Peer 1: 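Have a look at this one.
Numbered from 1 within each chain, the chains take letters A, B, ... in sequence-line order. Just so it is clear, the model here is predicted, and its values are computed rather than measured.
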Amino acid sequence: MAYWLLKTEPDEFSIDDLAGRNGSPEPWNGIRNYQARNILRDQVSVGDEALIYHSSCKQVGIAGIAAVSRAAYADPDQFNPESKYFDPKASENDPRWFCVDVVFKRKFPRLVPLAELKRQAGLANMVLLRQGRLSVQAVTAEEWKLILQMA
DNA sequence: GCCAACGTTGGC
DNA sequence: GCCAACGTTGGC
């Protein structure tokens, strides 16, 4: 079992939206970055758990936890010309982008702000703090434990 | 809204 | 394959 962090803009899709799915799977789609894509496609597995991170909003930080319920499959939006995630270079035979399904696990009693994560010595090597722009990233067991304690 | 960091595109 | 120009992410 591995741990991940998934970024989302809460104005688009928040931890509350995920909670509102009442346990049904939510496709984590729209990932259009190769590094993130490779992690999704090659490493994220059913049963893994992920921190849900709220980005590009008033209160940035970690909002809760989701579990992976389906491993990588072709993101259908890449084939849909109506979608903003449409990719003319992708084809059904040769998909370029992938998504996974996640289910809601829990919402933290409070959002753990990015500023606090930055202050935590044990999190100094966290990918989130080292590499700004990666929307799917690995979290170590130690980091996971520490963040759950902060929540 | 600004701007730093970084990813992508495209000419050569 | 290099690199300049440009676009996007994302915190503040």
Peer 1: Look at the side chain of A:Tyr34 and decide which nucleotide, out of C:dG7, B:dT8, C:dG11, has an atom nearest to it.
Peer 2: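 Of the candidates, B:dT8 comes closest.
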
Peer 1: Distance check needed: C:dG10 C1' versus A:Arg32 CZ, whole Å only.
Peer 2: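 Value for this atom pair: 19 Å.
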
Peer 1: Take the protein atom CD of A:Glu9 and the nucleotide atom C1' of C:dG11, then report the distance between them rounded to whole Å.
Peer 2: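 One finds 12 Å between C1' of C:dG11 and CD of A:Glu9, rounded.
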
Peer 1: Under 4.0 Å between any heavy atoms, over every strand shown, what does A:Lys58 touch: base, sugar-phosphate, or nothing? Just pick one.
Peer 2: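 Contact class for A:Lys58: none.
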
Peer 1: C:dC12 P sits how many Å from A:His54 NE2, rounded?
Peer 2: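 About 17 Å, once rounded to whole Å.
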
Peer 1: Figure out the CZ/P separation between A:Arg133 and C:dT8, and round it to whole Å.
Peer 2: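 It works out to 10 Å between those atoms.
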
Peer 1: Rounded to whole angstroms, how far apart are CG on A:Asp11 and C1' on C:dT9?
Peer 2: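 It works out to 15 Å between those atoms.
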
Peer 1: Send over the distance from A:Gln35 CD to B:dC6 P, rounded to a whole Å.
Peer 2: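 Answer to the nearest Å: 11 Å.
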
Peer 1: Checking A:Gln137 against A:Gln35: is there a side-chain donor and acceptor pair closer than 3.5 Å?
Peer 2: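 Checked: A:Gln35/A:Gln137 side chains show no N/O donor-acceptor pair below 3.5 Å.
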
Peer 1: Same cluster or not: are A:Ile15 and A:Tyr3 linked, directly or through other Ile, Leu, Val, Met, Phe, Trp or Tyr residues, by side-chain heavy atoms under 4.5 angstrom apart?
Peer 2: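 A:Ile15 does not cluster with A:Tyr3.
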
Peer 1: B:dG7, C:dG11, B:dC6: which one has an atom nearest the side-chain heavy atoms of A:Ser55?
Peer 2: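 Out of B:dG7, C:dG11, B:dC6, the nucleotide with an atom closest to A:Ser55's side chain is C:dG11.
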
Peer 1: Would you call the rings of A:Trp97 and A:Tyr34 parallel, tilted or perpendicular if under 30° counts as parallel and over 60° as perpendicular?
Peer 2: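 Tilted, since the angle between the ring planes falls between 30° and 60°.
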
Peer 1: Just the rounded figure in Å: distance from P of B:dG7 to CZ of A:Arg37.
Peer 2: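 Interatomic distance, CZ of A:Arg37 to P of B:dG7: 14 Å.
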
Peer 1: Whole angstrom is fine here: how far is it from NZ in A:Lys84 over to P in C:dT9?
Peer 2: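 That distance rounds to 9 Å.
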
Peer 1: Give a yes-or-no answer on whether the side chains of A:Tyr73 and A:Asp101 include a donor-acceptor pair shorter than 3.5 Å.
Peer 2: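 Result is yes, a qualifying pair exists.
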
Peer 1: Hey, is the side chain of A:Tyr53 poking within less than 4.0 Å of OP1 or OP2 on C:dG11, counting only N and O atoms?
Peer 2: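 So the side chain of A:Tyr53 is within the cut-off, an N or O lying under 4.0 Å from OP1 or OP2 of C:dG11.
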
Peer 1: What nucleotide, of C:dG11, C:dG10, B:dC6, holds the atom closest to the side chain of A:Lys7?
Peer 2: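 Between C:dG11, C:dG10, B:dC6, the one nearest the side chain of A:Lys7 would be C:dG10.
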
Peer 1: Answer with yes or no whether the hydrophobic clustering places A:Phe108 together with A:Val60; edges join I, L, V, M, F, W, Y residues whose side-chain heavy atoms lie under 4.5 Å apart.
Peer 2: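 Same cluster.
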
Peer 1: Among B:dC6, C:dG10, C:dG11, which nucleotide has an atom closest to any side-chain atom of A:Val60?
Peer 2: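 Shortest atom-to-atom distance from the side chain points to C:dG11.
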
